[in-house]
Amino acid sequence: NDVPMIQEAHVGVGIAGKEGRQAVNSSDFAIGQFRFLQRLLLVHGRWNYRRTCKFTLFTFWRNAVQVLMIFYFTLYSGYSGTSLFEDWLRLSFNVL
């Protein structure tokens with residue numbers, strides 16, 4: 001059947017039908033009919049897309065603020081080479 005295909009997919013969608021519940025049991029999302037697939041893809045797909053975009057923009061702007069802080073501190077300190085942040089903090093900034 002299509003159970004191995006569902007297990008290999010990144011996101012498996014199983015549709016409950018007459019042939020049993022094997023596909024539903026091995027899937028990530030289970031729906032009762034094909035007509036529910038449209039809402040699953042369009043609504044939940046859009047929500048996931050928006051969450052991913054917000055996270056990407058947040059990461060970009062957070063790094064831009066850090067770079068601007070370092071740049072202005074460099075001007076303020078007269079190009080002395082003094083570090084505004086510790087090395088471990090700059091390296092772990094995106095992990096936090």
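- In terms of the side-chain contact (heavy atoms from CB on, under 4.5 Å) criterion, residue partners of T52 (sequence neighbours excluded) are, by chain and number, N48, T56.
- Other residues sharing a hydrophobic cluster with W47 under the 4.5 Å side-chain heavy-atom criterion for ILVMFWY residues are V43.
- Applying the side-chain contact (heavy atoms from CB on, under 4.5 Å) test to A9 and every residue at least two apart in sequence or in another chain returns nothing.
- Take W61 and apply the ring-ring contact (aromatic ring centres under 6.0 Å, His included) test, not counting sequence neighbours, and it matches no residue.
- Minimum interatomic distance between I15 and G32 (heavy atoms only, all atoms of both residues): CG2-O, 4.1 Å.
- In plain terms, the two heavy atoms of V13 and S27 that are nearest each other are C-CB, 4.0 Å.
- The hydrophobic cluster of L42 has no other members, since no ILVMFWY side-chain heavy atom comes under 4.5 Å of it.
- The hydrophobic cluster containing L68, built from Ile/Leu/Val/Met/Phe/Trp/Tyr side-chain heavy atoms closer than 4.5 Å, also comprises F71, Y72, L75, Y79.
- Apart from V24 itself, the hydrophobic cluster it occupies contains nothing, where clustering links Ile, Leu, Val, Met, Phe, Trp and Tyr at side-chain heavy-atom distances under 4.5 Å.
- In terms of the side-chain contact (heavy atoms from CB on, under 4.5 Å) criterion, residue partners of F85 (sequence neighbours excluded) are, by chain and number, Q66, M69, I70, L89, R90.
- Residues passing the side-chain contact (heavy atoms from CB on, under 4.5 Å) test with Q33 are R35, F36, sequence neighbours excluded.
- When the side chains of ILVMFWY residues are joined at heavy-atom separations under 4.5 Å, either directly or via intervening members, L40 and Y49 end up in two distinct hydrophobic clusters.
- The cluster map of Ile, Leu, Val, Met, Phe, Trp and Tyr, joined by side-chain heavy atoms under 4.5 Å apart, puts L41 and V11 in the same cluster.
- Not counting sequence neighbours, D28 has no partner by the side chain to side chain donor-acceptor pair (under 3.5 Å) test.
- Each ring-ring contact (aromatic ring centres under 6.0 Å, His included) pair with one or both residues in residues 6-34, not counting sequence neighbours, would appear here, but there are none.
- No more than 12 heavy atoms of other residues, nucleotides or ligands shown are found within 6.0 angstrom of OH on Y76.
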